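Atom set for the values below is all heavy atoms of this structure, side chains included, hydrogens, waters and symmetry mates excluded. All values derive from a computational prediction rather than experimental measurement. Both ligands and their constituent atoms are indexed starting at 1 by order of listing.
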Amino acid sequence: MLNRWQLARQLETIRSGKMPHHIAIIMDGNGRWAKKRGLPRVAGHRQGMQAIKRCLAGLKGLDVKYLTLYAFSTENWRRPKSEVDFLMNLPGQFIGQELTTIMENNIKLGVIGDVSGLPAHTRKAIAEGIEATRHNTGLRLNFALNYGGREEILQAVRALCRRCQQGDLDPSAITYSDIESCLYTRDIPSPDLVIRTSGEIRISNFLLWQIAYAELYFTDTLWPDFSEMHLYKAIAQFQRRNRRFGGV
Ligand code: V0D
């Protein structure tokens, strides 16, 4: 039984260590969570949204600057239409329910991925959330939507090739920074901690270029069960590894 004393103690432990600047999370296991309970998959997604709220509450007052959540991959379109339709309503629901809290906590919303491929009502909800929070200076909360790491790199290659063809860029002079300026994350530092829930030990086309030096943390906990305590444990593990390998 997890109590608030243990939570406070874990929080105290991580407070004294070096915080990751950017945490990225693959929120896996919503369907499995629902299946275990004989519920429809969408019930798992709804609970998954609650887990996001717990993480935001848990990060309050911690010095984490960026949180990137993998909410919808380019492969997720293959799911049943009814499930995709349900998912496409979640951004609007989340913003409707949470905007007050988001504003109170100075959180700035952002999105990475090919947003142009999302339904108009989803894009509208997201644009409103981004607009409302554009002057906030606290945690940057990024949702990866219609995101694929290979697609991101592919469109960067195309953009750079076009510049070369126009004679604006010399292929042998292309730098890491030229490539980075073509990625969705151009104004976001690379994650230093990537968390994947639900027991799969894979990256599954999430941030590919950006994870070159990230610590990877895998847990069997299903995303709808993920709590502040799980988040703090992941951060504590990050700090232990960083103490061992981070030194000069
Ligand atoms: C389902 C678990 C929040 C993972 C969390 C469209 C899968 C709940 C958003 C959201 C999803 C997105 C953009 C935004 C605000 C909120 C979300 C999707 C799925 C896919 F600006 N949760 N969430 N988006 N799930």
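- Among Asn106, Ile107, Leu99, the one residue that satisfies the side chain to side chain contact (heavy atoms under 4.5 Å, CB included) test with Thr133 is Leu99.
- Near Phe72, the atoms of ligand 1 lying under 4.0 angstrom from a non-hydrogen atom of the residue are 20 (C).
- Counting protein heavy atoms only, atom 18 (C) of ligand 1 is closest to Ala71 CB, 3.6 Å.
- Within 6.0 Å of CD in Gln166 there are more than 12 heavy atoms belonging to other residues, nucleotides or ligands.
- What sits closest to atom 25 (N) of ligand 1 on the protein, heavy atoms only, is Leu90 CD1, 3.4 Å.
- Those atoms of ligand 1 with a heavy atom of Leu145 less than 4.0 angstrom away are 6 (C), 13 (C), 20 (C), 24 (N).
- No single ILVMFWY cluster, assembled from side-chain heavy atoms under 4.5 Å apart, contains both Leu193 and Leu216.
- Taking the centre of each ring, Tyr147 and Tyr70 come in below the 6.0 Å mark.
- When non-hydrogen atoms are compared, ligand 1 lies under 4.0 Å from neither the backbone nor the side chain of Thr122.
- Of the protein's non-hydrogen atoms, the one nearest atom 21 (F) of ligand 1 is Ile95 CD1, 3.6 Å.
- For atom 1 (C) of ligand 1, the closest non-hydrogen atom on the protein side is Leu87 CD2, 3.6 Å.
- Residue, atom and distance of the protein heavy atom nearest to atom 8 (C) of ligand 1 are His45 O, 3.5 Å.
- For the side chain to side chain contact (heavy atoms under 4.5 Å, CB included) criterion with Leu67, the lone passing option out of Asn142, Ile23, Leu231 is Ile23.
- When each atom of ligand 1 is checked for a heavy atom of Phe94 under 4.0 Å away, the hits are 15 (C), 16 (C).
- Contacts between Ile52 and ligand 1 below 4.0 angstrom, taking non-hydrogen atoms only, involve the side chain exclusively.
- Within ligand 1, counting atoms from 1 as listed, the ones closer than 4.0 Å to a heavy atom of Trp223 are 2 (C).
- With a heavy-atom cut-off of 4.0 Å, Leu69 does not touch ligand 1 at all.
- For ligand 1, the atoms lying closer than 4.0 Å to a non-hydrogen atom of Met27 are 2 (C), 4 (C), 5 (C).
- For the pair Glu131 and Arg134, the salt-bridge criterion is met [side-chain N within less than 4.0 Å of a carboxylate O].
- Residue Ile130 does not touch ligand 1, judged by heavy-atom distances below 4.0 Å.
- Judged by distance alone, with hydrogens and angles left aside, the side-chain atoms of Arg54 form a donor-acceptor pair with the main-chain N or O of Phe226 at under 3.5 Å.
- The single protein non-hydrogen atom nearest to atom 14 (C) of ligand 1 is Phe143 CD1, 3.5 Å, given as residue, atom name and distance.
- Asp85 and Ser82 form no side-chain donor-acceptor contact under 3.5 Å, judged by distance and modelled atom types alone.
- Looking at Asn205, its side chain does come within 3.5 Å of a backbone N or O of Arg150 through a donor-acceptor pair.
- Applying the 4.5 Å side-chain rule to ILVMFWY residues, one finds that Trp5 remains a lone member of its cluster.
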